[in-house]
Amino acid sequence: MLLAAARPEGAVLWDRQCKKQKRNPPPRAAPPPPPEVRLEPGTTEGLSAAVDRISLAAARQPALEPRQDQFIYIESKVAFLRSEVTQGKEKNWVTPLHSRRIWQSPDGSKGFLYEPGHGFIDKKGEDLDDASSDKRHSYNSARSLPTDPDALLKKLYDQERKVNPQAAKGDPDTDWGVYKELQQLVHEQLATPKLSAAIYRATAKIPGVTLVADATDADGRPGVALALTHGGSRHEWIFDKRTYAYLGEREVLLKTAYGMKPGTVIGRTAVVERAVVDAKKELPGGKKL
């Protein structure tokens with residue numbers, strides 16, 4: 001679920017599981033300015049070859065397979081765009097880079113988020129337990145997805161048509177919806193090696209997806225990116241230039257918005273660790289949060 005006061009509608013790098021928000025936050029100190037980058041155009045030249053390498057790297061990754069009584073643990077470094085309205089005036093800023101840790105059960109019904117730098121949730125963390133929540137992006141649901149890229153794309157476009165009968169491949173909003181669905185399986189979830197490879201090959205088949213030759217994740221690691229432009233910004237999945245392993249994501253403004261100029265990075269992430277643990281708040285190695 002996207003918090004309206006935490007992120008603008010339509011952004012990829014969104015806090016989908018945050019459910020609480022301070023109604024009257026205290027005055028905030030001015031955050032440091034977000035980074036700015038030179039806008040390098042994306043291209044389809046070299047896209048196929050890069051996706052081949054990315055998919056092969058994903059297929060060779062060791063599989064992490066949680067039991068149903070365990071939790072998927074993802075630790076990242078993140079910085080996101082935040083918005084709030086006070087006395088009719090909207091204020092937008094990008095948070096300083098900070099740590100984010102999330103635990104999720106395989107069926108998606110239980111979880112915990114620890115992100116003191118978030119700005120709108122409890123600094124001690126928040127339970128994400130919700131037996132009635134949408135399980136579409138859970139580990140269990142992901143395991144049932146096709147591992148053939150074309151079959152995976154067909155399933156996701158068919159899913160878009162259930163919501164909008166006019167949805168079609170090549171329509172920007174439909175393509176964006178499919179891209180977001182795939183993103184949910186990449187950023188804070190575990191996918192089998194075969195499914196991961198299929199996700200990247202399927203993504204490259206979405207109209208408008210391009211290759212960006214130089215991109216940097218939130219940890220400063222250089223990479224190449226699969227990118228899609230939507231809503232005035234470019235949304236990038238970044239992969240290591242040498243190993244082609246997934247590193248993180250970046251969202252870059254292409255035009256002036258939120259009081260910020262083109263080239264401003266309004267969202268960035270870097271995956272630090274993915275693991276399987278036995279309980280919420282347990283860290284890899286057995287220590288507790």
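Values in this document were obtained by computation on a predicted structure and should not be read as measured data.
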- prompt: Got more than 12 heavy atoms from elsewhere within 6.0 Å of CD, E45?
  reply: no
query: Between Q104 and E188, does any side-chain donor sit less than 3.5 Å from a side-chain acceptor?
result: no
query: If you take all heavy atoms of P284 and V277, which pair is closest and at what distance?
result: N-CG1, 4.0 Å
query: Should we count NZ of K281 as having more than 12 external heavy atoms under 6.0 Å?
result: no
- prompt: Is a side-chain donor or acceptor of R82 paired with a backbone partner of H118 at a separation under 3.5 angstrom?
  reply: yes
- line: d(K123 NZ, I121 CD1) to nearest 0.5 Å is 9.5 Å
- prompt: Counting distance only, does the side-chain N/O of S105 pair as donor-acceptor with the main-chain N or O of K110 below 3.5 Å?
  reply: yes
K287, NZ: over 12 other non-hydrogen atoms inside 6.0 angstrom: no
- request: Please assess V78 against H98 for the test side-chain contact (heavy atoms from CB on, under 4.5 Å), listing each intermediate value before the final yes or no.
  value: CA-CA 5 Å; V78 303; H98 59 275; 3.4 Å; yes
message: Between R161 and D158 (salt bridge meaning N to carboxylate O under 4.0 Å), is one present in this structure?
response: yes
query: Could you go step by step and tell me if R274 and I72 meet the side-chain contact (heavy atoms from CB on, under 4.5 Å) rule?
result: CA-CA 7 Å; R274 297 179 194 262; I72 297 158; over 6 Å; no
- prompt: Can you hop from L47 to F239 via hydrophobic side chains spaced under 4.5 Å?
  reply: yes
task: Mind running ring-ring contact (aromatic ring centres under 6.0 Å, His included) on Y179 and W237 for me, showing each step along the way?
output: CA-CA 11 Å; Y179 184 90; W237 301 355; 5.0 Å; yes
message: Any donor-acceptor pair under 3.5 Å linking the side-chain atoms of H137 with those of Q189?
response: no
query: Is there a donor-acceptor contact under 3.5 Å from the side chain of D240 to the main chain of R242?
result: yes
query: Should R250 and V265 count as side-chain neighbours, where that means a heavy-atom distance under 4.5 Å?
result: yes
field: Spatial distance of atom CD (E160) from atom NZ (K155) [nearest 0.5 Å]
entry: 13.0 Å
message: For S141, is there any backbone N or O sitting under 3.5 Å from a side-chain donor or acceptor partner on S138?
response: yes
- prompt: Is a side-chain N or O of T264 found less than 3.5 angstrom from the main chain of K261, in a donor-acceptor match?
  reply: yes
message: Can you confirm whether the side chains of S109 and D107 place a donor and an acceptor under 3.5 Å from each other?
response: yes
Shared hydrophobic cluster, L113 / L190 (ILVMFWY, side-chain heavy atoms < 4.5 Å): yes
- prompt: Can you tell if the side chain of V252 reaches within under 4.5 Å of the side chain of I266, non-hydrogen atoms only?
  reply: no
- prompt: Are the side chain of Q70 and the backbone of P66 linked by a donor-acceptor contact shorter than 3.5 Å?
  reply: no
- request: Starting from the C-alpha separation in whole Å, work towards a yes-or-no answer on side-chain hydrogen bond (donor to acceptor under 3.5 Å, both in side chains) for N140 and Q68.
  value: CA-CA 9 Å; N140 288 355; Q68 292 303 300; 2.9 Å; yes
- request: Mark yes or no for whether D217, through its side chain, and A270, through its backbone, hold a donor-acceptor pair below 3.5 Å.
  value: no
- prompt: Can D122 and K124 be counted as an ion pair, charged N to O under 4.0 angstrom?
  reply: no
message: We want to know whether N92 and E84 form a side-chain donor-acceptor pair, criterion being a heavy-atom distance below 3.5 angstrom.
response: no
Gap between atom OG1 of T229 and atom CG of D175 - 0.5 Å precision: 12.5 Å
query: Between the side chains of Y139 and R143, is a donor N or O closer than 3.5 angstrom to an acceptor N or O?
result: yes
- prompt: Is the number of heavy atoms from other residues, nucleotides or ligands under 6.0 Å of K169 NZ greater than 12?
  reply: yes
Side-chain H-bond candidate by donor/acceptor type, S233 with E251, under 3.5 Å: yes
statement: On a heavy-atom basis, the closest approach of S99 and E115 is O-CG, 3.6 Å
query: Hey, does H230 have a side-chain heavy atom less than 4.5 Å from the side chain of D173?
result: yes
field: Evaluation steps, side-chain contact (heavy atoms from CB on, under 4.5 Å), between T43 and T210
entry: CA-CA 5 Å; T43 178; T210 60; 5.6 Å; no
message: Please say yes or no: joined through hydrophobic side-chain contacts below 4.5 Å, possibly via intermediate residues, are L152 and Y246 part of one cluster?
response: yes
Any donor-acceptor N or O pair under 3.5 Å, side chains Q159, E181: yes
query: According to the ring-ring contact (aromatic ring centres under 6.0 Å, His included) rule, which pairs have a member within residues 38-75, sequence neighbours left out?
result: Y73-W103
- prompt: Could R201 and D52 be called an ion pair, given the rule that one side-chain N must be under 4.0 Å from one carboxylate O?
  reply: yes
task: Answer whether the closest heavy-atom distance between the side chains of R268 and P35 falls below 4.5 Å.
output: yes
Salt bridge (Lys or Arg N to Asp or Glu O under 4.0 Å) assessment of D219 paired with K77: CA-CA 7 Å; D219 208 22; K77 293 180 180 179; 2.7 Å; yes
field: Sub-4.5 Å side-chain heavy-atom contact between I206 and L153
entry: yes
- prompt: Would you say the side-chain atoms of T95 pair up with the backbone N or O of F80, donor to acceptor, closer than 3.5 Å?
  reply: yes
- request: With salt bridge (Lys or Arg N to Asp or Glu O under 4.0 Å) as the test, would you mind laying out the steps for E236 and R234 before giving the verdict?
  value: CA-CA 6 Å; E236 304 170 350; R234 187 167 69 196; 2.9 Å; yes
Could you tabulate the donor-acceptor pairs under 3.5 Å formed by side-chain atoms of residues 191-200, not counting sequence neighbours?
| from | atom 1 | to | atom 2 | distance (Å) |
| --- | --- | --- | --- | --- |
| T192 | OG1 | L195 | N | 3.1 |
| S196 | OG | T192 | O | 3.1 |

task: Report the C-alpha distance between D150 and K154 in whole Å, list the side-chain angles of each, state the deciding distance to 0.1 Å, and finish with yes or no for salt bridge (Lys or Arg N to Asp or Glu O under 4.0 Å).
output: CA-CA 6 Å; D150 292 321; K154 182 180 184 303; over 6 Å; no
- line: Separation between OG (S55) and CZ (R60), nearest 0.5 Å, reads 11.0 Å
field: K255 NZ to L39 CG distance, which is reported to the nearest 0.5 Å
entry: 13.5 Å
- prompt: Between V212 and L253, is there a shared hydrophobic cluster once you connect ILVMFWY residues whose side-chain heavy atoms come closer than 4.5 Å?
  reply: no
message: Using every non-hydrogen atom in the two residues, find where L97 and A218 come nearest and quote the distance to one decimal.
response: CD2-O, 3.2 Å
task: Output, in order, the C-alpha distance, side-chain angles, deciding distance and verdict of salt bridge (Lys or Arg N to Asp or Glu O under 4.0 Å) for K241 and D214.
output: CA-CA 9 Å; K241 278 193 172 184; D214 290 292; 2.3 Å; yes
task: Could you go through the side-chain contact (heavy atoms from CB on, under 4.5 Å) check for I74 and V272 one step at a time?
output: CA-CA 8 Å; I74 312 287; V272 175; over 6 Å; no
message: Please verify the inter-ring angle class for H235 with W176; under 30° counts as parallel, over 60° as perpendicular, anything in between as tilted.
response: tilted
field: Where D127 and K280 come nearest, the two heavy atoms and their spacing
entry: OD1-NZ, 2.8 Å
message: Are L182 and I54 connected into the same hydrophobic cluster when the rule is that any two of I, L, V, M, F, W, Y join if their side-chain heavy atoms are below 4.5 Å apart?
response: yes
message: Is there a side-chain contact between W93 and L81 in this structure, where contact means two heavy atoms from C-beta onward sitting under 4.5 Å apart?
response: no
